[in-house]
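Only heavy atoms go into these numbers, but all of them, side chains included; no hydrogens, no water, no symmetry mates.
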Amino acid sequence: VSGLDAHRHNQNHQIHATAALYDGLTDIDQRGNLVPSLADSWEPNKELSAWTFRLRKGVLFHNGRELDAEAVKLNLLRIQDPTIGAHDFIRGGLENVDSVEVLDKYTVRIKARVPDAALPISIMRYPIVLMAPDAFDTSAERPIGTGPFKFVAWTRNSDTRLVRFENYWETDAE
């Protein structure tokens, strides 16, 4: 693949490598239902113009940094940046996001430009994945996420090696 920064690249073969490295706020289960991921709950305001997401506590990035609301905000803003966010496909999931507000360490409010009942689906695991903000600059070659596998090595046009992330938030039973 040409790089492992999931915010910049939109190549089908690249997705396979990064799918195991990253998580999003929400996900879908095998039946197609929206389920919690890095956010363990969310709720809209009455107008559906803002959604409040409560993050799981104790989720770690592969570098040991704890996931917090500020990291979520920085990731969403980075994806929205047309000089970074890959094509309309990835940025499109955030097209209706007007602003991201940190309410406390584990709570973030996402405000929509227009009322949006589908916002939790728009920001699900793929394509809106979260990376360690302190590793944005090196993520194309040394990605750091919260996923079940962490980066070991990458050789361009050859292979990508990952290992199990022992501090992954989701248990084998789950």
Check your understanding: Just how far is it from atom CZ of R113 to atom OG of S49, taken to the nearest 0.5 Å?
Key -> 13.5 Å
Check your understanding: Which ILVMFWY residues are connected to V114, directly or by a chain of links, through side-chain heavy atoms under 4.5 Å apart?
Key -> none
Check your understanding: Heavy-atom distance under 4.5 Å between the side chains of W169 and P148, does that happen here?
Key -> no
**Study point:** Heavy-atom check, side chain of I28 versus side chain of N33, under 4.5 Å
**Key:** no
Exercise for review: Please report the C-alpha distance between D5 and S139 in whole Å, then the side-chain angles of each, then the deciding distance to 0.1 Å, and finally whether the side-chain hydrogen bond (donor to acceptor under 3.5 Å, both in side chains) criterion is met.
Suggested key: CA-CA 5 Å; D5 181 339; S139 60; 3.0 Å; yes
Review point. Stepwise, does the side-chain hydrogen bond (donor to acceptor under 3.5 Å, both in side chains) test hold for D40 with Y106?
Key: CA-CA 10 Å; D40 61 14; Y106 300 106; over 6 Å; no
Point to revise | Heavy-atom side-chain proximity of T52 to L103 below 4.5 angstrom | key: yes
**Study point:** Close side-chain approach of Y22 to T146, heavy-atom, < 4.5 Å
**Key:** no
Review point. Measuring from I84:CD1 to H7:NE2, what's the distance to the nearest 0.5 Å?
Key: 9.5 Å
Practice item. State whether K105 and D68 are salt-bridged, where the test is any N-O pair (Lys NZ or Arg NE/NH1/NH2 against Asp/Glu carboxylate O) under 4.0 Å. Key: no
Exercise for review: Examine R109 relative to F53 and say whether NZ or CZ is less than 6.0 Å from the centre of the six-membered ring and inside a 45° cone about the ring axis.
Suggested key: no
Review point. Taking C-beta and beyond as the side chain, do L38 and D27 meet within less than 4.5 Å on heavy atoms?
Key: no
Point to revise | Spacing of T26 atom OG1 and L119 atom CG [to the nearest 0.5 Å] | key: 9.0 Å
Review point. Given the rule in the side-chain contact (heavy atoms from CB on, under 4.5 Å) test, do F136 and I144 qualify, once you have shown the distances and angles that lead to the verdict?
Key: CA-CA 9 Å; F136 283 164; I144 298 174; over 6 Å; no
Check your understanding: Any side-chain heavy atom of R65 within less than 4.5 Å of one from P133?
Key -> yes
Review point. Hey, are the side chains of L25 and I128 touching, using non-hydrogen atoms and a 4.5 Å cut-off?
Key: no
Review point. Say you draw a straight line from CG of L130 to CG of N75; how long is it, rounded to the nearest 0.5 Å?
Key: 4.5 Å
Review point. Yes or no on side-chain hydrogen bond (donor to acceptor under 3.5 Å, both in side chains) for N45 and W51, after CA distance, side-chain angles and deciding distance?
Key: CA-CA 6 Å; N45 64 5; W51 288 80; over 6 Å; no
**Study point:** Interatomic spacing from CG in D116 to CG in N96 - rounded to 0.5 Å
**Key:** 4.5 Å
Review point. With a 4.5 Å limit on heavy-atom distance, are the side chains of V97 and K111 in contact?
Key: no
Point to revise | Heavy-atom neighbours of E95 CD exceed 12 at 6.0 Å | key: no
